[in-house]
Amino acid sequence: MATSITLIGLSGSLRHESLNTHLLRAAQERLPQGCTLVIESIAAIPLYNFDVETAHGIPGPVTALKDAIAAADGLLIASPEYNNSMPGVLKNAIDWLSRPAADIPRVFGNLPVAIMGATPGAFGTLVAQNAWLPVMRTLGARLWSGGRLVVPRAAQLFDDAGHLTDEAMTKRLAAFVGAFVEDIRATRVT
């Protein structure tokens, strides 16, 4: 029997009808048996400010998300690409999640991380995905390099309800998340 796997999904967009949130929901529907994807929100995370951290500590939404990620088997990031890089709101969330620095190993240490992304544009999100690589390496995460999933012209691939309707992309997404989960299972210390 396959080992149960829990993933945390983070969308790099706050928009209600975010293509990246739709992509995470589509991944949620196409997971291998025995796997759960919990999509968490970064909407309540404030802008990072060391003065706030010093005066008030780590905000509750940050603490809750840190605990969820630390308890998970892996992290699936759906990152849009803004101006040829990562979105500021998601980078801000990751910056908060790395505070205090002593918590980095608990939250990110050897954490399997896969990065995918959707965009309405024609060029995909490869530049943004590449921008995440040094950040995740610095945090000690274990970046999954078994594949890339970029979803260009994504607005044409989802229906008005946010469901992925493109058969080829559906197969690519299922293969992507399936391979990520299998890698986690294969490398998991028992």
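Along the sequence shown, residues are numbered consecutively beginning with 1.
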Peer 1: Could you see if Met86 belongs to whatever hydrophobic cluster contains Leu111? Use Ile, Leu, Val, Met, Phe, Trp, Tyr and a side-chain cutoff under 4.5 Å.
Peer 2: yes
Peer 1: Would you say Glu81's side chain and Ala128's backbone share a donor-acceptor pair under 3.5 angstrom?
Peer 2: yes
Peer 1: Within the side chain of Asn20, is there an N or O that forms a donor-acceptor pair under 3.5 Å with the backbone of Ser13?
Peer 2: no
Peer 1: Between Asp95 and Arg99 (salt bridge meaning N to carboxylate O under 4.0 Å), is one present in this structure?
Peer 2: no
Peer 1: Set out, in order, the CA-CA distance, both residues' side-chain angles and the distance that settles side-chain contact (heavy atoms from CB on, under 4.5 Å) for Thr36 and Val38, then state yes or no.
Peer 2: CA-CA 6 Å; Thr36 303; Val38 178; 4.1 Å; yes
Peer 1: Using every non-hydrogen atom in the two residues, find where Ala118 and Ala154 come nearest and quote the distance to one decimal.
Peer 2: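 The pair with the smallest heavy-atom distance is CB-CB, 3.8 Å.
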Peer 1: Is the shortest heavy-atom distance from the side chain of Tyr82 to the side chain of Pro87 under 4.5 Å?
Peer 2: yes
Peer 1: Rounded to the nearest 0.5 Å, how far does CG of Leu75 lie from CG of Leu97?
Peer 2: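 Here the interatomic distance stands at 9.0 Å.
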Peer 1: Pairs in or reaching into residues 154-181: which pass salt bridge (charged side-chain N to carboxylate O under 4.0 Å, His left out), with residues at least two apart or in two chains?
Peer 2: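 Qualifying pairs, neighbours excluded: Glu167-Lys171.
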Peer 1: Distance-only, no hydrogens or angles: does the Thr165 side chain make a donor-acceptor pair with backbone N or O of Leu157 under 3.5 Å?
Peer 2: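 At least one qualifying donor-acceptor pair exists.
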Peer 1: Quick check: do Val135 and Phe108 have side-chain heavy atoms less than 4.5 Å from each other?
Peer 2: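 The answer is no; the side chains never approach within 4.5 Å.
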Peer 1: Minimum heavy-atom separation for Ala27 and Met116, please, with both atom names.
Peer 2: CB-CE, 4.2 Å
Peer 1: If you look at every heavy atom in Ile8 and Ala68, which pair is closest and at what distance?
Peer 2: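 Scanning both residues completely, I find the closest heavy atoms to be CG1-O, 3.7 Å.
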Peer 1: Name all pairs fulfilling the salt bridge (charged side-chain N to carboxylate O under 4.0 Å, His left out) condition that reach into residues 136-157, sequence neighbours left out, sorted by first residue then second.
Peer 2: Arg142-Asp183
Peer 1: I'd like to know if the side chain of Ser18 and the backbone of Leu14 have a donor-acceptor N/O pair within less than 3.5 Å.
Peer 2: no
Peer 1: Only one of Thr125, Ile94, Val113, Leu143 clears side chain to side chain contact (heavy atoms under 4.5 Å, CB included) with Trp132; which?
Peer 2: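 Answer after filtering Thr125, Ile94, Val113, Leu143: Ile94.
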Peer 1: Should Ile115 and Leu149 be counted in the same cluster of Ile, Leu, Val, Met, Phe, Trp and Tyr side chains packed under 4.5 Å apart?
Peer 2: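 No: no chain of side-chain contacts under 4.5 Å links Ile115 to Leu149.
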Peer 1: Using atom types as modelled and distance alone, determine if a side-chain donor or acceptor of Ser98 lies under 3.5 Å from a backbone N or O of Ala101.
Peer 2: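 No, the answer is negative, given that no donor and acceptor are paired below the 3.5 Å cut-off.
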Peer 1: So Pro80 and Thr119, do their side chains get closer than 4.5 Å, heavy atoms only?
Peer 2: no
Peer 1: Would Ile77 and Ile42 show up in the same hydrophobic cluster when neighbours are defined by side-chain heavy atoms closer than 4.5 Å?
Peer 2: yes
Peer 1: Measure the CG-CG distance between Leu7 and Leu31 for me, rounded to the nearest 0.5 Å.
Peer 2: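 Going from the CG atom of Leu7 to the CG atom of Leu31 covers 6.5 Å.
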Peer 1: In terms of relative ring orientation, are Trp96 and Tyr48 parallel, tilted or perpendicular, with 30° and 60° separating the classes?
Peer 2: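 Because their plane-to-plane angle is over 60°, the rings of Trp96 and Tyr48 count as perpendicular.
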Peer 1: Quick check for you: to the nearest 0.5 Å, what is the distance between Leu126 atom CG and Asn84 atom CG?
Peer 2: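 Leu126 atom CG to Asn84 atom CG measures 11.0 Å (nearest 0.5 Å).
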Peer 1: Stepwise, does the side-chain contact (heavy atoms from CB on, under 4.5 Å) test hold for Lys66 with Val62?
Peer 2: CA-CA 6 Å; Lys66 284 171 57 171; Val62 175; 3.9 Å; yes
Peer 1: With rounding to the nearest 0.5 angstrom, report the CG to CZ distance, Leu37 to Arg25.
Peer 2: 11.0 Å
Peer 1: With a 4.5 Å cut-off on side-chain heavy atoms, are Ile39 and Leu10 touching?
Peer 2: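 No. Closest side-chain heavy atoms not under 4.5 Å.
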Peer 1: When you look at Asp67 and Arg106, which way does the side-chain contact (heavy atoms from CB on, under 4.5 Å) test go after all the steps?
Peer 2: CA-CA 9 Å; Asp67 291 344; Arg106 178 180 75 88; 3.2 Å; yes
Peer 1: Quick check: is Leu133 connected to Phe176 through a chain of hydrophobic side chains (ILVMFWY, heavy atoms under 4.5 Å apart)?
Peer 2: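 No, no single cluster joins them.
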Peer 1: If you apply the rule side-chain contact (heavy atoms from CB on, under 4.5 Å), what do you find for Leu164 with His22, and how did you get there?
Peer 2: CA-CA 8 Å; Leu164 184 60; His22 290 333; over 6 Å; no
Peer 1: Testing the basics here: between Thr21 and Ser11, what is the closest heavy-atom pair and its distance to 0.1 Å?
Peer 2: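 Closest pair (atom of Thr21, atom of Ser11, distance): OG1-OG, 2.9 Å.
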Peer 1: Of all the heavy-atom pairs spanning Cys35 and Arg185, show the shortest one and how long it is.
Peer 2: N-NH2, 4.1 Å
Peer 1: Under a 4.5 Å side-chain heavy-atom rule over Ile, Leu, Val, Met, Phe, Trp and Tyr, are Met136 and Ile69 clustered together?
Peer 2: yes
Peer 1: Are the side chain of Glu29 and the backbone of Leu24 linked by a donor-acceptor contact shorter than 3.5 Å?
Peer 2: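 No, because the side chain of Glu29 does not come within donor-acceptor range (under 3.5 Å) of the backbone of Leu24.
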Peer 1: Of the non-hydrogen atoms in Asn92 and Pro46, which two are nearest, and what is the gap between them?
Peer 2: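 What the structure gives for the nearest pair is ND2-O, 2.9 Å.
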Peer 1: At what distance, to the nearest 0.5 angstrom, does CD of Glu17 lie from CZ of Phe158?
Peer 2: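 The CD atom of Glu17 sits 11.0 Å away from the CZ atom of Phe158.
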Peer 1: Roughly how far, to the nearest 0.5 Å, is the OG atom of Ser79 from the CG atom of Leu23?
Peer 2: 11.0 Å
